[in-house]
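Take a look at the structure below.
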Amino acid sequence: MIEHKDIFVDVPSRIGTHSLKWSKYGSKDVIPLWVADMDFRSPPCVQSLATEICEDGIFGYGVCPSGLEEVVVSRSSELYNWTIERESLVWLPGMVCGLNVACRTFENEATQVITNTPVYPPFLSAPSTFGLQCTKIPLKLVDDRFTIDFSKLKELNTTAGDLFMLCHPHNPVGTCFSKSELLEFADYVLSNELYVCSDEIHCDLILDPDKKHFPFASLGSEVAKRTITLMAPSKTYNLPGFGCSYAIISDDNLRRRFKKSMRGIVPDPPAMGFRLAEVAYRNGEDWRSDLLSYLRRNRDYAVTEIKKMNGLVPYSPEATYLLWIDARNLKTDNPHYFFESAGVGLSNGSDFGAPGYLRLNLGCTNDLLIEAIDRMKNAVSKL
Ligand SMILES: Cc1ncc(COP(=O)(O)O)c(C=O)c1O
């Protein structure tokens, strides 16, 4: 059995495994640090159960294990001091699916979907799929940290029933919103009678030990009534290929409407996804703690080194394993192409609504990260 710490060092090659992340560049010598998928093996408890299931060889339809609902509820209370009921849970085969179902739920009620930019691309594309306008309010940079621009929000004309899509913690900028920021945001939401879809997929990945995640809906019953929370074990335990996510919707009417928008279109997660999610949540806590230490080390290394490169400004993420970089002062027209040509495949800020920026995935071995940073350093020094 592989020890936890080794999992972050001895990673298997993903070349030829039909990995989205690693197949993008095929046989080209480009280190893929783009899509949010880590190179680490999932926790040993997940590997053991997956092996057991494969040895049985039965892959029929599944139902949600009651133990999974139980652990989601208990974990929510233990980690986030948030009491939720099992009845509030709605299972989904993915979070992007949840974002789209949320927009669909409001297609006849909202006049717009508001979101803070830059943001994870499906936040920008989901509204128009359902004929809704996407209103983009840029985040504000204060002391090298991105935060919500309340003065801009207050200038915005909204209609009761509009939807706000919140990314919390925020992808790509890595902000772990504080309780006071969230309370101010809750005031804004309640006074304008908005609804919120709060994507909290990165909530278990808080890197700064002095920061804490507060689920938006945990701020009070009035807030909860207007909130669809989306969560999943997929980023935390590196299970995105197993499609097991969930919405938490405490208001019966809102939950009914959300489920109606799913009807006939959205399948349940696969049986294996349900079972692996349960075991990861139950027995993956030590592994998660090791992961956070490893990611913190990668983050600190990358931020320190990128700061030394002329024309690049990295924003140290408080949460997530994603590093947002301002490359607008790099002496090249297309920073994304520039680094790809130098052998490092990053995410392009344009996809997040921010041309000239880049996103680097820190979920890889320290050795691979060092190699990628060296390539970036060499390329920048030649400009
Ligand atoms: C904020 C956010 N939401 C959703 C997703 C995607 O979730 P899924 O793969 O379950 O659709 C990601 C993936 O990176 C993400 O960062």
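Counting convention: from 1, in listed order, for ligands and their atoms alike. Since we're looking at a predicted model, the values are computed, not measured. Start at 1 with the first residue, then count along the sequence.
- Each of the atoms 12 (C), 13 (C), 14 (O) of ligand 1 lies under 4.0 Å from some heavy atom of Lys235.
- Below 30°, between 30° and 60°, or above 60°: for Tyr246 and Trp91 the angle between ring planes is between 30° and 60°, a tilted geometry.
- The backbone N or O of Ile15 sits nowhere less than 3.5 Å from a side-chain atom of Ser19 that would complete a donor-acceptor pair.
- When distances from atom 9 (O) of ligand 1 to the protein are checked, no heavy atom turns up under 4.0 Å.
- With a 6.0 Å cutoff to the six-membered ring centre and a 45° limit on the axis angle, Arg297 counts as a cation-pi contact of Tyr294.
- Among protein heavy atoms, the minimum distance from atom 7 (O) of ligand 1 is reached at Met95 CB, 3.3 Å.
- Only the side chain of Cys167 comes within 4.0 Å of ligand 1, judged by heavy-atom distances.
- If you check which protein heavy atom lies closest to atom 11 (O) of ligand 1, you get Val96 N, 2.9 Å.
- Within ligand 1, counting atoms from 1 as listed, the ones closer than 4.0 Å to a heavy atom of Ala36 are 14 (O).
- Nearest protein heavy-atom contact of atom 3 (N) of ligand 1 is Asp199 OD2, 2.6 Å.
- In this structure, Asn81 places its CG atom where only 12 or fewer heavy-atom neighbours from other residues, nucleotides or ligands lie under 6.0 Å away.
- Under the 3.5 Å distance criterion, the side-chain polar atoms of Ser76 are matched with a main-chain donor or acceptor of Trp82.
- Under a 3.5 Å cut-off, the side chain of Asn361 and the backbone N or O of Val35 do form a donor-acceptor pair.
- Within ligand 1, counting atoms from 1 as listed, the ones closer than 4.0 Å to a heavy atom of Gly94 are 10 (O), 11 (O).
- In Ile201, the part holding a heavy atom less than 4.0 Å from any atom of ligand 1 is the side chain.
- With a 6.0 Å cutoff to the six-membered ring centre and a 45° limit on the axis angle, Arg257 counts as a cation-pi contact of Phe106.
- Note that the NE2 atom of His168 and the OG1 atom of Thr175 stand 11.0 Å from one another [nearest 0.5 Å].
- The N/O atoms of Ser234, backbone and side chain alike, include none that comes under 3.5 Å of an N/O atom in ligand 1.
- In this structure, atom 12 (C) of ligand 1 lies nearest to the protein heavy atom Tyr120 CZ, 3.3 Å.
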